Number of protein chains: 2
Amino acid sequence: MNLRELAASLGLSQTTVSRALNGYPEVSPETRLRVEAAARAANYQPNSRARRLATGRAMTIGHVITHTGETEMVNPIFADFLAGAGEVYAREGYDLLLSIVHEGAAERAYRQMAANGSVDGVMVQGPRVEDPRIGVLQELGLPFLVHGRTGDSAGYNWLDIANLRAFRRATEFLLDLGHRRIALINGQEAMDFAARRRRGYEEALRARGIAPDPALMSADVMTEGYGHRAAANLLDRSNAPTAFLVSSVISAIGVRQAAIERGLHLGRDISIITHDDVLSYLNNDAEGPAFTATRSSIRAAGRRCAEILIERIKHPDAPFVHELWEAELMVGRSTGPAP
Amino acid sequence: MNLRELAASLGLSQTTVSRALNGYPEVSPETRLRVEAAARAANYQPNSRARRLATGRAMTIGHVITHTGETEMVNPIFADFLAGAGEVYAREGYDLLLSIVHEGAAERAYRQMAANGSVDGVMVQGPRVEDPRIGVLQELGLPFLVHGRTGDSAGYNWLDIANLRAFRRATEFLLDLGHRRIALINGQEAMDFAARRRRGYEEALRARGIAPDPALMSADVMTEGYGHRAAANLLDRSNAPTAFLVSSVISAIGVRQAAIERGLHLGRDISIITHDDVLSYLNNDAEGPAFTATRSSIRAAGRRCAEILIERIKHPDAPFVHELWEAELMVGRSTGPAP
DNA sequence: AGCAATTCCCAAAGCGCTTTCAATTCAGAC
DNA sequence: GTCTGAATTGAAAGCGCTTTGGGAATTGCT
């Protein structure tokens, strides 16, 4: 059933039927009701391909997710972010076009989306400290929103969490507990969020007169194995740290494992604070691991990012939106006074 | 730059330019070269909206991912599956339309995709023992492929792993090591894969004259917390199991944690076998946890599923494809003789 | 009653491609 | 020379919708 047939069956023109269904005012109430009833009865759905061509809008938002070359790893936090954003898209009638490519191919993916008009805007995730994607998107004139920040953050829309403050705060918390040798198990520091977290950690240490010790810091893709390996190395040293600051729950599980293997008791012999994205399948709650954590839901971020982006698509000339979220510090059972 | 402008700039008709770019034979080699050069120079990309309308093909594949009501959990294995499928889609020129909805809304999502023609086919993941989606898709006449199986599996395309055999094999492995009280920490048994795994487990026990003990079996959404909780309960009983068969690495981590908390040493006091989907961020290899595992890459499955589905879209009348993959049993450090 | 302003509806022109059908050219066959 | 058929190219008709620019009927105002 298409519009022409529906119109014919009603003895109306396509124009009127189209207007009736799309809520335009120049249709009499009775006609609108009649049309709506007929459309429902015939289970009429406008052909989205035709509509897109006619309106020039794709009603689609593009997400380009990259995986890093070496490990081919797809960051699992994307799933939760997508779930949050997807909720909003569905509500607003947008489709979500997902493209998963190697890191170097992201630019091409964006160019293609822009050139062939398959999306109205794109969501950028996981920006690096220097991220070429931003410049490309600015040049393309495609509306976009960055989850995170990079470079000169004034010239585009972004939503980020206060990574620096969160990790400064977490470090201060450990310092207050008397810890002096605090290890940082960070994500890859080419990523903007990781770079900021490190700065927060270092600032807090310096503010207490402690020089950051490069031997206590590591940075890598945040897998469980990495957390385990990094912690194992550090714990086997003569001058082992008494506390760990970890960038993800997945890695924190590895760190915990390394500690336990060495007979250390969490919150007594060793302290761990992790950043917690509140992933649905790794709940860090009272009955779970209950790590002390800086906490900010990635899914909620996805929702809000989607809202902002759609707003931007509707009003491309509005001023840039910058939204900074604070992470909350949740005290769990993985921290305690320095031994 | 659109086709008309490009054609005008070349002094050719749209017809010829279109043909030249799309590889039709009725264009002279020189003309084709000229057109291709001009298209490259002008960075011409055909408007996908127009092309879709004209051809009637969406060049898009739909994935509808559901999250269960209570937990709102998005299964993280989807990310890896999508990454695999996405690779193939990109190669074949297909887009991936992702819809993340509540369980009950899946049917409506499919109907909508079919009615408004936004996809050429859909991928179905995580089928339940009785799954209404299959019937809906058959009725809609939309090509689809199921990752997994359900009900009468003859009437549609699917790719699955041999869940029953994998878990029977794993159970036999534990039995051979002398274990007699083996717990099953399964996924929700409304899911087809989990139901099959359970049958495999029970078959193996019965074959050795052991009656499956309902007290040793549990089933739930496979989070870390669930694994921890279920194992803790079992281990605190008087007649605790000596081995665990777990349906996912994430839950296995929780099980391991519960065991360690009770001073049990893996592979000596307690054995764990888990199913391993080879998730990129939870690598279960030599330097990682190294669980003994039944192993099958979900990402590889995603790749193959995409290939099959595209093939089906191109040849809708071909006979149904059924592909059953064996999981391999990888012996790690988490299993040993019964104490 | 006469006029302008609404109200409601329609015909037709796109949107930017693909594809059918027809036209033209030219080589080779008679 | 004429005819046939292959090789190239184009004109134009869609694909199914939205939207512009009228037009007829109705209403409101003087």
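All of these numbers come straight from a predicted model, not from anything done at the bench.
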Item to check | Proximity to the side chain of Gln14(A) - top-ranked nucleotide from dC21(C), dA11(D), dT18(D) | outcome: dT18(D)

Checklist entry - Hey, is Arg32(A) close enough to Glu36(A) for a salt bridge, meaning N to O under 4.0 Å? => result no

Checklist entry - Which whole-number value in Å describes the distance from Asn47(B) CG to dC15(C) P? => result 11 Å

Checklist entry - Atom CZ of Arg32(A) and atom C1' of dT7(C): how far apart are they, to the nearest Å? => result 13 Å

Checklist entry - Rounded to the nearest Å, what distance is computed from the CG atom of residue Asn116(A) to the P atom of nucleotide dC15(C)? => result 18 Å

Next on the checklist: Students often get this wrong, so: under 4.0 angstrom with heavy atoms, is Gly11(B) touching a base, only sugar-phosphate, or nothing?
Outcome noted: sugar-phosphate

Checklist entry - Of all the nucleotides listed (dC10(C), dT20(C), dC15(C)), which has the minimum atom distance to the side chain of Leu53(A)? => result dC15(C)

Item to check | Residues Arg312(A) and Asp120(A) bridged, charged N to O under 4.0 Å | outcome: no

Checklist entry - Taking atom P of dG14(D) as reference, at what distance in whole Å does atom CZ of Arg49(A) sit? => result 18 Å

Next on the checklist: dG16(D), OP1 or OP2 - any side-chain N/O from Arg51(A) closer than 4.0 Å?
Outcome noted: no

Item to check | Arg57(A) (side chain) and dT19(D) (base): donor-acceptor pair under 3.5 Å | outcome: no

Checklist entry - At their closest point, which heavy atom of Arg149(A) faces which heavy atom of Ile161(A), and how far apart are they? => result NH2-O, 3.9 Å

Checklist entry - When you measure from the side chain of Ala50(B), which nucleotide among dC17(C), dA11(C), dT9(D) comes out closest? => result dC17(C)

Item to check | Protein-nucleotide distance (Leu10(A), atom CG; dC10(C), atom C1'), rounded to Å | outcome: 15 Å

Checklist entry - Between Arg304(B) and Glu323(B), is there a salt bridge with N-O shorter than 4.0 Å? => result yes

Checklist entry - Which class fits the ring pair His67(B) and His102(B): parallel under 30°, tilted 30 to 60°, perpendicular over 60°? => result perpendicular

Checklist entry - Between Ser18(B) and dT19(C), does any side-chain N or O lie under 4.0 Å from OP1 or OP2? => result no

Checklist entry - Would you say the side chain of Ile134(B) lies within less than 4.5 Å of the side chain of Phe144(B), judging by non-hydrogen atoms? => result yes

Next on the checklist: What's Thr31(B) touching, base or sugar-phosphate or nothing? Going by heavy atoms closer than 4.0 Å.
Outcome noted: sugar-phosphate

Next on the checklist: Given the structure, check if the side chain of Arg19(B) and the base of dG10(D) hold any donor-acceptor pair shorter than 3.5 Å.
Outcome noted: yes

Checklist outcome for this item: Expected list for residues 21-29 of chain A near DNA chain C, using heavy atoms below 4.0 Å, is Glu26(A), Val27(A), Ser28(A)

Next on the checklist: Is there a side-chain contact between Phe193(B) and Pro127(B) in this structure, where contact means two heavy atoms from C-beta onward sitting under 4.5 Å apart?
Outcome noted: no

Checklist entry - Under 4.0 Å: is that the gap between some side-chain N or O of Thr55(B) and OP1 or OP2 of dT18(C)? => result no

Next on the checklist: Between Thr15(B) and dG10(D), is there a contact of a side-chain N or O with OP1 or OP2 at under 4.0 Å?
Outcome noted: no

Checklist entry - Is a donor-acceptor pair below 3.5 Å formed from side chain Arg4(A) to base dT18(D), judging by atom type as modelled? => result no

